[in-house]
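A short worksheet on the structure shown next.
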There are 2 protein chains.
Amino acid sequence: MSFIESYRCGVEMVKAGGTLIREHQSGGRLYTLYSGWAFRYKTLSDGRRQILNFLLPGDLVGLQQEFSDAALHGVEAVTDCAFCAFDADGLWSMFREHARLAYGVTWLAARGEGMVDDNLLTAGRRSAIERVAVLLVHLYRRLDRLGLAEGASVDFPINQQHIADALGLSLVHTNKTLRRLSEMGMHEISGGRLRLLNPRALARIAEYYDAIPRPVPLL
Amino acid sequence: MSFIESYRCGVEMVKAGGTLIREHQSGGRLYTLYSGWAFRYKTLSDGRRQILNFLLPGDLVGLQQEFSDAALHGVEAVTDCAFCAFDADGLWSMFREHARLAYGVTWLAARGEGMVDDNLLTAGRRSAIERVAVLLVHLYRRLDRLGLAEGASVDFPINQQHIADALGLSLVHTNKTLRRLSEMGMHEISGGRLRLLNPRALARIAEYYDAIPRPVPLL
DNA sequence: CGGCAGTTTGAATATTATCAAGGGATGTGG
DNA sequence: CCACATCCCTTGATAATATTCAAACTGCCG
């Protein structure tokens with residue numbers, strides 16, 4: 001634990017709606033989300049925005065900023081967020097000196113990529129109603145695994161624009177699809193909470209299969 | 001170099017059209033593509049397929065198989081391929097004993113994720129013509145960086161079904177869009193080769209910006 | 001000369017986007 | 001306490017985009 005501390009260079013607080021990493025800003029830092037909801041995104045020059053994935057507590061951000069030669073992504077907070085920051089310049093020495101930690105970083109990175117893979121399948125090949133169903137079930141399960149579900153209901157701070165941007169749909173169509181699902185008795189969103197009323201049917205629409213969850217390494 | 005060898009457990013040859021990793025098969029191996037073209041993909045139960053990204057020489061595959069709790073992907077060869085296989089069970093000992101290598105693995109993983117991010121932006125937010133343009137420019141540039149371009153022309157072993165599956169479009173629409181681009185004088189595909197006739201205009205349509213490429217670590 | 005895999009085309013249909021406008025809650029300043 | 005501004009959700013109408021279906025065409029290989 002003490003060496004984790006040595007790499008940590010502090011906590012970064014970001015207000016709801018604020019930006020942790022600006023798009024095209026090449027980083028130098030690695031973050032772990034400690035509390036709150038955030039998301040990674042990319043935009044085209046005319047403003048079309050794609051949310052790459054939502055970040056929940058325990059998720060890692062910023063590795064690509066350090067490594068990638070592909071274009072970069074931004075990170076924005078949905079709610080007030082606390083991020084643990086690590087010095088990415090020290091990443092190499094972390095690999096040399098603390099293999100366990102490095103392994104954890106790689107683990108989290110691979111997990112993150114798996115998430116984006118799923119989202120790409122969704123955006124590329126699912127219909128609007130399937131996409132929305134996937135999103136609802138997926139977020140619910142992630143929160144549930146974090147112990148943040150209260151029965152069938154979870155905190156749900158994102159709005160329909162976020163959902164549209166995550167799924168590659170227009171705002172209007174997202175609204176109509178969401179409405180359709182709730183009229184089918186699938187779910188209910190109100191007061192910033194999501195409640196799944198028929199999780200099995202939703203999962204069937206979403207064709208959402210969970211693999212065996214593994215415990216997340218501490219970081 | 002000698003310790004790279006110690007982790008290598010041989011070369012795996014896959015014939016064109018053959019499968020390196022079956023979907024839902026949880027791995028235990030890590031691969032580096034040595035020669036040929038391949039792709040990672042996911043399918044839905046009714047057969048809709050999404051290609052997550054194309055693999056070119058130097059790319060890493062299989063890390064998620066080892067780590068991820070998300071659903072898994074398959075890997076299929078487009079042309080005859082040679083993969084270098086590493087024992088993933090030895091991954092942890094690699095991190096402990098050969099930080100340099102482990103760092104390289106993580107580097108490649110992050111690079112791979114960046115690629116999927118781009119593809120998600122494309123599938124989610126670009127129009128058909130933009131998607132096709134992105135694909136052509138992107139593949140051309142990747143090959144060029146590998147020294148595999150001959151002037152404006154590169155080997156192009158994929159067919160329109162591959163392109164459709166990579167972009168989240170139907171085969172028919174992909175065909176019409178491709179045709180439209182070539183009638184605009186953008187490119188030419190014939191005899192298994194792609195030639196970019198107007199790279200600048202294509203890149204403008206694609207809104208494709210390269211970041212500064214960095215040298216790829218050897219593995 | 002088939003036969004096959006991949007490409008091309010047209011027509012009809014479905015899905016999704018865009019445009020325009022209204023509604024409801026919440027908050028703020030006068 | 002009211003007026004009004006803002007943000008988000010909702011709805012209907014219309015248009016654009018992409019899919020599906022069906023069929024023909026091409027080049028290549030045995």
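Keep in mind that the numbers below use all heavy atoms, side chains included, and drop hydrogens, waters and symmetry copies. Reminder, nothing fancy here: chain letters follow the sequence lines and each chain counts from 1.
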Evaluation steps, salt bridge (Lys or Arg N to Asp or Glu O under 4.0 Å), between A/Arg111 and B/Glu113: CA-CA 10 Å; A/Arg111 179 159 153 284; B/Glu113 175 160 3; over 6 Å; no
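- A straight line from CG of B/Asn175 to P of D/dT26 spans 14 Å, rounded to a whole angstrom.
- In this model, no donor atom of one side chain and acceptor atom of the other lie less than 3.5 Å apart for B/Glu188 and B/Ser182.
- In this structure, A/Arg179 reaches the D/dT11 phosphate: one of its side-chain N or O atoms is under 4.0 Å from OP1 or OP2.
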Between protein and nucleic acid, restricted to nucleotides 19-21 of chain D and to nitrogen or oxygen atoms under 3.5 Å apart, what atom pairs and distances do you find?
unit_1: D/dT19; atom_1: OP1; unit_2: B/Ser170; atom_2: N; d: 3.1
unit_1: D/dT19; atom_1: OP2; unit_2: B/Ser170; atom_2: N; d: 2.9
unit_1: D/dT19; atom_1: OP2; unit_2: B/Ser170; atom_2: OG; d: 2.9

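- Each end of the helix from C/dC1-D/dG30 to C/dA21-D/dT10 yields a helix axis from five base pairs, and these two axes differ in direction by 30° (to the nearest 10 degrees).
- Within the nucleic acid shown, A/Asn159 comes within 4.0 Å of sugar-phosphate atoms alone, with no base atom in reach, counting heavy atoms only.
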Any N/O pairs under 3.5 Å between the protein and nucleotides 28-30 of chain D? List them or say none.
none

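- Scored by the side chain to side chain donor-acceptor pair (under 3.5 Å) test, B/Thr43 finds B/Glu23 as partners (sequence neighbours excluded).
- Just one residue in the list B/Leu120, B/Leu52, B/Asn119 forms a side-chain contact (heavy atoms from CB on, under 4.5 Å) with A/Val116, and that residue is B/Leu120.
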Verdict with supporting geometry, A/Lys42 and A/Arg48, side chain to side chain contact (heavy atoms under 4.5 Å, CB included): CA-CA 9 Å; A/Lys42 278 169 169 276; A/Arg48 283 174 287 178; over 6 Å; no
Derivation of the side-chain hydrogen bond (donor to acceptor under 3.5 Å, both in side chains) call for B/His162 and B/Asp165: CA-CA 5 Å; B/His162 289 122; B/Asp165 288 346; over 6 Å; no
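- We find that CZ of B/Arg193 is positioned 19 Å from C1' of D/dG27, with the value rounded to whole Å.
- The span of DNA chain C lying next to chain B, judged by atoms under 4.0 Å from heavy atoms, is bounded 5' to 3' by C/dG6 to C/dA11.
- More than 12 heavy atoms of other residues, nucleotides or ligands sit less than 6.0 Å from atom CZ of B/Arg193.
- Between B/Ile163 atom CD1 and D/dA18 atom C1' the separation is 17 Å, expressed in whole Å.
- Applying the salt bridge (charged side-chain N to carboxylate O under 4.0 Å, His left out) test to every pair with at least one member in residues 11-21 of chain A, sequence neighbours left out, gives these pairs: A/Glu12-A/Arg29.
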